[in-house]
Amino acid sequence: MVDKKTMPFCMPMFRTWVPRHIQPWIYIVQVLCIQFSGGVYLGALEAVRGTTALQLEDLLMLLYAGLAGMAVWFPMLFRTKFRFTNQQLLITSAVVIAVCNLISMSTTNMAILLPVCFIAGIAKIQGTFECMSNIQLWMTPERDFGVFFPILHIILLTAITGSAWLAAVVAFHLSWQMMHVLTVGTMCFVILVQITLCRPWCPMPQRMPLKGIDITSGLLISLLMLMISYILVYGDRLMWFFSPTLRWILAVGLILLAFIMYRLKTVENPYISLEIFKYKNVLAILLVTAIAELLLGAEHTLEEIYWTEVRGLEEHTKTALCLWSLPGVYVGVLITLFWLGHKKWKIWKLFAIGFGCIFIYSMWMYFYMDVNAPIEQYRLGLAFRGCAYAILAASLMWSLHESVHDLQHFFMALFIFNVIHMYLAGASGYGLYTTLFKHFMADNMSRYGAYLTLSSLGQQGGLSTLNTQLSALSVSIMSVTLKQIFGQIIYVSGLMTVAFLLLDIPRVRTGIEKVPYWPVYGIKLLTRSSSH
């Protein structure tokens with residue numbers, strides 16, 4: 001009997017004349033092409049706003065629609081892999097992404113762009129999964145997920161940061177539409193590779209039929225996710241639930257949620273099995289994921305306010321500065337590989353290191369947030385942010401796999417995990433931080449404004465001097481407000497770091513597990529008092 005560990009790695013989808021040693025690298029190039037794609041591009045948001053009537057909230061809504069499409073398609077990934085060939089999946093994904101990019105560069109109609117970005121997200125995750133699943137055994141012949149997940153996040157996080165930088169550079173030197181043209185070109189490259197270098201191949205000789213899939217629940221869940229993102233993205237702009245529109249959307253969303261839960265409990269083969277939540281530690285993992293993503297949401301909101309409003313940086317300068325998070329990402333991946341893949345140590349202290357990196361990042365931003373500080377001083381802080389993201393994303397995904405062993409349930413759990421990881425917590429973070437910023441900003445303006453007089457502002461120089469001083473005062477108050485919010489992040493990340501360091505102590509961890517639930521404690525207390 002042949003040992004699986006001694007079997008040479010092969011990729012049967014390639015034609016025989018393609019050299020074996022370059023076959024995995026061809027698939028890595030393809031996955032990078034797919035990961036660099038999207039319906040809208042973070043780095044080009046300012047350019048799109050400047051040339052169209054779309055507002056920032058509209059573009060963020062489109063961005064989260066793409067993330068929702070990626071998240072909702074996870075339960076379908078293995079079904080499609082066992083039903084179609086690699087050529088069918090990758091060519092279809094590339095064609096869909098190319099068509100979506102052609103549409104999104106040609107119209108500003110939100111009713112068209114929203115489903116287009118959603119479908120582009122589905123095609124993006126399908127193509128990514130097809131590429132990565134075929135080279136998994138090349139990365140780790142033992143199928144060790146402590147190795148696979150960290151390496152996977154090298155590609156994912158490099159593409160997230162790199163695509164934003166590339167879109168900003170292309171928009172600065174050419175136009176934002178050219179990023180879509182570039183994506184169409186890379187998708188043509190993927191199609192060409194599949195036609196010339198590969199042949200149709202499916203890992204299942206007996207194709208798995210797509211019958212019995214609860215498509216209705218999947219569509220309803222997608223609609224609910226878009227409604228939630230609308231509330232979170234537009235909430236601050238529409239004054240939250242003072243708006244009749246948001247109140248109606250919330251009411252319909254709650255009814256839709258109740259109907260989805262009823263359907264998932266009663267349908268024979270639900271799109272998402274509620275049995276997932278019975279696995280050990282799943283709820284705890286999802287809670288830690290939500291907290292981590294909310295803390296890291298400062299990257300998209302607070303940093304954006306600071307770079308744009310306070311420092312006045314151009315988009316390509318901001319994205320070039322944020323490239324300094326990539327060295328931190330690679331260090332975080334190496335730490336996770338060493339911890340989980342090589343040493344097989346307990347996860348608690350690794351979580352503590354991840355939250356500790358968030359703590360250092362927020363401290364760095366808090367103390368160095370100054371209008372006169374050179375932007376090079378932020379590089380190390382951004383590297384710590386990248387390190388935190390790499391450690392927490394890879395280790396939380398590994399923890400989920402360790403808790404949910406059933407393959408079908410694992411991909412359903414990945415759907416819930418990515419709803420929080422990629423989508424819900426990010427949108428919630430935007431809504432939370434913008435609301436906090438507006439509240440603290442108004443409070444600080446009222447406090448400092450009470451001390452303003454013409455004599456304190458200076459009467460020399462006339463109106464131009466007064467405007468300059470008021471502008472400088474507004475920028476200073478923005479800096480103070482951002483420091484206040486970063487201070488809250490310092491508290492929460494510090495508490496999470498200490499909590500996981502304590503959980504690493506066996507006596508503390510076992511002591512917590514022995515503490516009874518509150519109802520059990522209450523029943524014991526009532527029994528004891530009645531006996532007296």
Side-chain angles (χ1 to χ4, degrees), residues 64 67-75 77 125 145-146 149-150 152-153 156 217-218 220-222 224-225 227-229 231-232 253-254 257-258 260-261 264-265 270-298 300 336 340 346-355 358 388-432 489 492-493 495-497 499-500 503 509 512-513 517:
Y64 287 123
L67 294 177
M70 292 176 66
V72 82
W73 197 247
F74 268 92
L77 290 175
I125 195 62
F145 285 90
F149 285 142
L152 171 66
H153 279 85
L156 298 182
S217 294
L220 292 175
I221 291 170
S222 303
L224 179 63
M225 292 171 69
M227 293 170 70
I228 293 172
S229 61
I231 293 172
L232 293 172
L254 291 174
L257 175 62
I260 290 171
M261 296 301 293
L264 293 180
K265 287 182 178 180
Y271 193 77
I272 300 296
S273 175
L274 298 180
E275 296 292 320
I276 295 166
F277 296 103
K278 295 182 180 179
Y279 285 93
K280 186 179 180 182
N281 297 327
V282 166
L283 289 175
I285 292 168
L286 296 177
L287 177 62
V288 174
T289 303
I291 295 172
E293 286 295 327
L294 281 173
L295 294 176
L296 289 167
H300 304 298
T336 311
L340 299 177
K346 296 288 184 182
I347 196 71
W348 307 104
K349 198 173 288 183
L350 187 60
F351 285 154
I353 294 172
F355 280 103
I358 298 178
Y389 201 97
I391 290 174
L392 290 173
S395 58
L396 283 166
M397 195 175 285
W398 177 87
S399 302
L400 188 69
H401 180 264
E402 290 295 303
S403 299
V404 184
H405 297 287
D406 182 81
L407 185 63
Q408 184 179 3
H409 280 176
F410 174 63
F411 273 82
M412 292 180 179
L414 268 183
F415 159 71
I416 301 171
F417 173 81
N418 281 287
V419 165
I420 297 172
H421 170 56
M422 295 192 307
Y423 168 74
L424 190 58
S428 302
Y430 175 79
L432 173 66
I489 299 173
V492 178
S493 58
L495 286 173
M496 293 296 292
T497 304
F500 281 113
L503 284 172
R509 187 167 63 250
I512 291 174
E513 291 174 354
Y517 293 109

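Scope of the values below: all heavy atoms of this structure, side chains included, with no hydrogens, waters or symmetry mates.
- Without hydrogens or angle criteria, Ser493 side chain to Phe355 main chain gives no donor-acceptor distance under 3.5 Å.
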Extract all donor-acceptor atom pairs below 3.5 Å that involve side chains of residues 285-295 and protein atoms in other chains or at least two apart in sequence.
from	atom 1	to	atom 2	distance (Å)
Thr289	OG1	Ile285	O	2.7
Glu293	OE2	His421	ND1	2.7

Return all side-chain donor-acceptor pairs below 3.5 angstrom for residues 389-402, not counting sequence neighbours, or 'none' if the list is empty.
from	atom 1	to	atom 2	distance (Å)
Ser395	OG	Ile391	O	2.5
Ser395	OG	Leu392	O	3.4
Ser399	OG	Ser395	O	2.8

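- The heavy-atom pair separating Tyr271 from Trp73 by the smallest distance is OH-CA, 4.1 Å.
- Phe411 is linked by a ring-ring contact (aromatic ring centres under 6.0 Å, His included) to Phe78, Phe129, counting only residues two or more places apart in sequence or in another chain.
- Expressed to the nearest 0.5 Å, how far CG of Leu232 lies from CD1 of Ile228 amounts to 7.5 Å.
- Side-chain contact between Ile221 and Phe415 is present, with at least one heavy-atom pair separated by less than 4.5 Å.
- To the nearest 0.5 Å, atom CD1 of residue Ile353 and atom CZ of residue Phe500 are 12.5 Å apart.
- For Tyr279, the ring-ring contact (aromatic ring centres under 6.0 Å, His included) criterion is met by His409, not counting sequence neighbours.
- Side-chain contact between Leu274 and Met261 is present, with heavy atoms from C-beta onward closer than 4.5 Å.
- Shortest non-hydrogen contact noted between Val72 and Gly218 is CG2-O, 4.0 Å.
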task: For Ile358 and Thr497, run side chain to side chain contact (heavy atoms under 4.5 Å, CB included): C-alpha distance rounded to whole Å, both residues' side-chain angles, the deciding distance at 0.1 Å, then the answer.
output: CA-CA 9 Å; Ile358 298 178; Thr497 304; over 6 Å; no
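- Between the CD1 atom in Ile416 and the CZ atom in Phe277 there is a gap of 3.5 Å [rounded to 0.5 Å].
- Under the ring-ring contact (aromatic ring centres under 6.0 Å, His included) criterion, Tyr64 pairs with no residue, sequence neighbours left out.
- Judged as a salt bridge (Lys or Arg N to Asp or Glu O under 4.0 Å), and not counting sequence neighbours, the contacts of Glu275 are Lys278.
- Remark: Ile125 CD1 to Leu67 CG distance equals 10.0 Å, nearest 0.5 Å.
- Residues Ile272 and Pro75 approach most closely at CD1-CG, 3.5 Å, considering heavy atoms.
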